[in-house]
Amino acid sequence: MRVPNKHGRKSRKGTGILPAFFFSFLVLFSFSFLLFSVLSVPACAEGERLPIVLVDGEEIYLQSGDYHNFLQEYRIYVKGANTEGSRIWIELSREGVFLEDAIVSEGDTFVYSNNSTEVLNLTVDTIYAGTNGVLVRFSPVYQYLNPKLPMPQNQQVAPVNSSENNSSVSPVPEEHQVKGFDIPLFLLSIGAVFLVTGFFAERYKKK
């Protein structure tokens, strides 16, 4: 009668640990890839988000030397006009800080962008010349939310190309705000991975 080789049994048990570790690595890698894919979706959606309209195609009238205040502390000045009253000098500032200026005529469009994000778009529709200067009609006028600045208080805005009527705007939805990482869900998933890994490792040991 042959005596079982105890050393051989130990060797077989030792070799069974290797597949268990390989399986654990595979599970952890798959979980990490899945987690990365889920977390990268909001970042992509953030980049494709439509701009938020603050002023949608309105018209404003300004005389020489007057200004108009926009949301997020932007201000447009009509600094002056040429002697014929055919061209005007406009200046854009924010909180007293100069941003941009231009000399425009009827039909011209003044566009201000911040880091490739369009913020203001004004078209000079008509310039009315008079003895006391000029009266300028800007139409249409568009202002878009600058995401790097604080959200205007008590202001209803709507995304561009909204399916709703332009006269009916809605507040900025909460999903446009940055959401934090769900730590409890992450810890629960990690626990589930280790539980499955321990279960299969125990099965390999029994074999």
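Y74 and R94 form no side-chain donor-acceptor contact under 3.5 Å, judged by distance and modelled atom types alone. For the 3.5 Å distance criterion, the side chains of T123 and T109 qualify, holding a donor opposite an acceptor.
No side-chain donor-acceptor contact under 3.5 Å links N69 to the backbone of E73. N146 places a side-chain N or O within 3.5 Å of a backbone atom of K148 that can act as its donor or acceptor partner. Side chain of D56 to main chain of V53: no donor-acceptor pair is present (N/O by atom type, distance under 3.5 Å, no hydrogens or angles). Between the E106 side chain and the V124 main chain, no donor and acceptor come within less than 3.5 Å of each other. Proximity of a side-chain donor or acceptor of S64 to a complementary backbone N or O of V134 within less than 3.5 Å is detected.
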### Query
side-chain contact (heavy atoms from CB on, under 4.5 Å) between R137 and Y128: does it pass, once the steps are laid out?
CA-CA 8 Å; R137 178 178 182 261; Y128 304 95; 4.3 Å; yes
**OP:** Mind running side-chain contact (heavy atoms from CB on, under 4.5 Å) on D101 and I90 for me, showing each step along the way?
**Re:** CA-CA 6 Å; D101 66 346; I90 58 177; over 6 Å; no
Please walk me through it: do I76 and F70 pass side-chain contact (heavy atoms from CB on, under 4.5 Å)?
-> CA-CA 8 Å; I76 190 78; F70 289 94; 3.5 Å; yes
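For the atom pair CD (E95) and CD (Q72), the distance works out to 10.5 Å, reported to the nearest 0.5 Å. Atom CD of residue E59 and atom OG1 of residue T126 lie 9.5 Å apart, to the nearest 0.5 angstrom. In this structure, OH in Y77 is found 13.0 Å from NE2 in H68, a value given to the nearest 0.5 Å. Here the CG atom belonging to L122 is positioned 8.5 Å from the CG atom belonging to L92, to the nearest 0.5 angstrom. Atom CG of D125 sits about 12.0 Å away from atom CG of D108, to the nearest 0.5 Å. Expressed to the nearest 0.5 Å, how far CD1 of I52 lies from OH of Y144 amounts to 11.5 Å.
The number of heavy-atom neighbours closer than 6.0 Å to CZ of R87, taken from other residues, nucleotides and ligands shown, is 12 or below.
In the hydrophobic cluster analysis, where Ile, Leu, Val, Met, Phe, Trp and Tyr join through side-chain heavy atoms closer than 4.5 angstrom, W89 is grouped apart from V136. In the hydrophobic clustering of ILVMFWY residues, with side-chain heavy atoms under 4.5 Å counting as a link, F138 and L135 come out apart.
Here the shortest heavy-atom pairing between L71 and P152 reads CB-CG, 4.2 Å. G57 and P140 make their closest contact through CA-CB, 3.8 Å (heavy atoms, listed as atom of the first residue, atom of the second, distance). Nearest heavy atoms, I88 versus A81: CG2-CB, 4.0 Å. When all heavy atoms are compared, the tightest approach of S93 to L99 is C-CD1, 3.9 Å. Here the shortest heavy-atom pairing between G85 and A129 reads CA-CB, 4.2 Å.
Counting only heavy atoms from C-beta outward, the side chains of S113 and V119 never approach each other to under 4.5 Å. Inter-residue side-chain proximity for V78 and Y67 is flagged as unmet; no heavy-atom pair is nearer than 4.5 Å. In this structure, the side chains of F110 and E100 come closer than 4.5 Å at one or more pairs of heavy atoms.
Of the listed residues (N121, I60, L120, V141), just one forms a side chain to side chain contact (heavy atoms under 4.5 Å, CB included) with V55, and that residue is V141.
Residue F98 belongs to no hydrophobic cluster, having no ILVMFWY side-chain heavy atom closer than 4.5 Å to its own.
For N114, there are no side-chain hydrogen bond (donor to acceptor under 3.5 Å, both in side chains) partners, not counting sequence neighbours.
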